[in-house]
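Just so you know, these numbers come straight off a predicted model, no measurement behind them.
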Amino acid sequence: MDEREWAQSRQDLAEGFKKCRGIIGALGDETRQQIIMALLEAEECGLRVGEITVRTHLSRPAVSHHLKILRDANIIALRRAGTMNFYHIAADDAQWAQLKQLVDRVYELVQQANLEGYLQNSEGKVQR
């Protein structure tokens, strides 16, 4: 890849990171990862805050705080049934596809950099 192609790849990558910033930030927290796992493991169609607190051993205010962050990032959604609120994984295929494309692109660029001798191991030697 020539310098112009690398520059364009870096620019495209920066744009991809910008588009995925919300979901990356939300997914990066271990507590939110626990909540996502609880929602994915639920046999029901969503969980209430109380059920999430039991499954994650977090306080109710902590769960509510993290649910807001996950909702703001469109990772989870809310379904109301009367006075009850059920949280579930959002089916926003476009957002998940965008994140997958970003990760795939990073992987491709790392592989390309490795082939072209740009990457170094922990000892500072170029990997080939």
Side-chain angles (χ1 to χ4, degrees):
M1 202 180 288
D2 66 24
E3 186 58 38
R4 186 186 57 74
E5 291 171 319
W6 276 112
Q8 184 62 49
S9 291
R10 286 191 301 271
Q11 185 177 357
D12 292 346
L13 197 59
E15 186 62 32
F17 275 118
K18 185 177 179 181
K19 288 179 183 176
C20 294
R21 188 170 290 142
I23 191 170
I24 290 171
L27 290 173
D29 182 85
E30 186 176 342
T31 300
R32 291 190 283 275
Q33 293 167 11
Q34 290 176 358
I35 292 171
I36 291 168
M37 293 302 296
L39 292 173
L40 288 170
E41 293 170 352
E43 294 180 12
E44 306 87 25
C45 185
L47 294 175
R48 298 180 66 200
V49 172
E51 296 167 319
I52 296 169
T53 61
V54 169
R55 290 176 185 236
T56 60
H57 308 289
L58 297 168
S59 70
R60 189 176 199 90
V63 168
S64 294
H65 168 75
H66 290 290
L67 288 172
K68 179 179 180 351
I69 293 169
L70 291 168
R71 281 188 69 202
D72 289 347
N74 296 320
I75 294 172
I76 65 169
L78 171 69
R79 179 180 57 84
R80 296 182 196 274
T83 60
M84 296 184 291
N85 296 326
F86 293 89
Y87 293 89
H88 58 90
I89 300 296
D92 184 352
D93 288 343
Q95 177 173 284
W96 292 109
Q98 200 170 51
L99 179 63
K100 182 183 180 312
Q101 288 172 351
L102 175 64
V103 172
D104 288 346
R105 186 63 184 144
V106 169
Y107 178 76
E108 290 168 9
L109 289 173
V110 167
Q111 294 301 310
Q112 185 67 35
N114 190 32
L115 286 172
E116 295 187 22
Y118 291 119
L119 300 183
Q120 298 178 359
N121 63 21
S122 60
E123 299 166 354
K125 296 179 182 176
V126 174
Q127 294 178 317
R128 293 234 181 220

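- The minimum heavy-atom distance between L70 and I36, with the atom names listed, is CD2-CD1, 4.0 Å.
- The salt bridge (Lys or Arg N to Asp or Glu O under 4.0 Å) test applied to K68 returns D72, not counting sequence neighbours.
- The salt bridge (Lys or Arg N to Asp or Glu O under 4.0 Å) test applied to R79 returns no partner, not counting sequence neighbours.
- Residues satisfying the side-chain contact (heavy atoms from CB on, under 4.5 Å) criterion with A7, sequence neighbours excluded, are R10.
- Summarising the hydrophobic clusters (Ile, Leu, Val, Met, Phe, Trp, Tyr; side-chain heavy atoms under 4.5 Å, direct or chained), the residues clustered with F86 are M84.
- Side-chain contact between T56 and M37 is absent, with no heavy-atom pair separated by less than 4.5 Å.
- L78 and V49 end up in the same hydrophobic cluster when Ile, Leu, Val, Met, Phe, Trp and Tyr side chains are linked at under 4.5 Å.
- Considering only residues two or more places apart in sequence or on other chains, R48 meets the salt bridge (Lys or Arg N to Asp or Glu O under 4.0 Å) condition with none of them.
- With values rounded to the nearest 0.5 angstrom, I89 atom CD1 is found 10.0 Å from I35 atom CD1.
- The cluster map of Ile, Leu, Val, Met, Phe, Trp and Tyr, joined by side-chain heavy atoms under 4.5 Å apart, puts V54 and L67 in different clusters.
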Cut-off 3.5 Å, no hydrogens considered: what does the side-chain donor-acceptor table look like for residues 15-26, sequence neighbours left out?
none

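- For residues 102-115, every residue pair satisfying the salt bridge (Lys or Arg N to Asp or Glu O under 4.0 Å) rule, not counting sequence neighbours, is listed here: K100-D104, R105-E108.
- A continuous path of hydrophobic side-chain contacts links I76 to L40 [ILVMFWY only; heavy atoms under 4.5 Å].
- Applying the salt bridge (Lys or Arg N to Asp or Glu O under 4.0 Å) rule to pairs touching residues 53-63 yields E44-R55, sequence neighbours excluded.
- Separating the CG atom in L47 from the CD1 atom in I52 is a distance of 5.0 Å, to the nearest 0.5 Å.
- Counting side-chain heavy-atom gaps under 4.5 Å among Ile, Leu, Val, Met, Phe, Trp and Tyr, I69 is found in no cluster with other residues.
- Contact record, L39 with Y87: CD2-O, 3.2 Å, taken as the closest heavy-atom pair.
- Partners of T83 by side-chain contact (heavy atoms from CB on, under 4.5 Å), not counting sequence neighbours: none found.
- Scored by the side-chain contact (heavy atoms from CB on, under 4.5 Å) test, Q11 finds Q8 as partners (sequence neighbours excluded).
- Judged purely by atom type and a 3.5 angstrom limit, T53 uses its side chain to pair as donor or acceptor with the backbone of G50.
- Within the structure, side-chain hydrogen bond (donor to acceptor under 3.5 Å, both in side chains) contacts touching residues 22-38 (residues at least two apart or in different chains) are R32-H66.
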